[in-house]
Amino acid sequence: MAMLLREALGDSLRRVRTQQGRTLREVSTGARVSLGYLSEVERGQKEASSELLAAICDALDVEIADLLLEVGSAMRPAGAEPVVVGAQSMADGADAAEAGLTATKVVIPAPGRRDATALAAA
């Protein structure tokens, strides 16, 4: 079975905390979350809301974006290439050329395929 997002998030949060030499109690106090709940998040037993994740990252002094990049890498199967994911049209109706994009859509390949059309800045 594939790794779940909550497990990968928990693993990364625990790794960051232990690398900083911090205790669960210190981080739970800083994030204003119970020690038991933080422990369950780190063990991948509870899903962290975006608000809770922001509070934990704040307490750890890490950017959520950096944490999510690490989690995404950990979840990617070995040897799999990253795929650019995006919308097929601009939300505000702007033309792709006006937005400085060289393609108008992104194709997400079927499992096992590695080709995709990506939106690229001009």
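Each residue takes its place number in the sequence, starting with 1.
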Locate the shortest heavy-atom distance separating L4 from M75; write the atom from each residue and the value.
C-CE, 3.9 Å

Hey, could you give me the CG/OG1 distance between L13 and T18, rounded to the nearest 0.5 Å?
10.5 Å

Which donor-acceptor pairs under 3.5 Å do the side chains of residues 31-45 make with protein atoms, sequence neighbours left out?
residue: S34; atom: OG; partner: Y37; partner atom: N; Å: 3.0
residue: Y37; atom: OH; partner: E47; partner atom: O; Å: 3.4
residue: S39; atom: OG; partner: R43; partner atom: NE; Å: 3.2
residue: S39; atom: OG; partner: R43; partner atom: NH2; Å: 3.1
residue: E42; atom: OE1; partner: R17; partner atom: NE; Å: 3.4
residue: E42; atom: OE1; partner: R17; partner atom: NH2; Å: 2.9
residue: E42; atom: OE2; partner: R17; partner atom: NE; Å: 2.7
residue: R43; atom: NE; partner: S39; partner atom: O; Å: 3.3
residue: R43; atom: NH1; partner: Q45; partner atom: OE1; Å: 3.0

For A59 against G30, the heavy-atom pair lying closest together
CB-C, 3.7 Å

Over all heavy atoms of both residues, which pair between M3 and A8 is shortest? Give the atoms and the distance, please.
SD-CB, 3.4 Å

I64 and L69: same hydrophobic cluster, using ILVMFWY side-chain contacts below 4.5 Å?
no

Look at the side chain of S28 and the backbone N and O of R25, then say whether any donor-acceptor pair between them is shorter than 3.5 Å.
yes

Nearest heavy-atom contact between S12 and L67 is CB-CD1, 3.5 Å

Per the salt bridge (charged side-chain N to carboxylate O under 4.0 Å, His left out) rule, what does the pair list look like for residues 55-70, sequence neighbours excluded?
R15-E70

Hey, is the main chain of V16 close enough, under 3.5 Å, to the side chain of Q19 for a donor-acceptor pair?
no

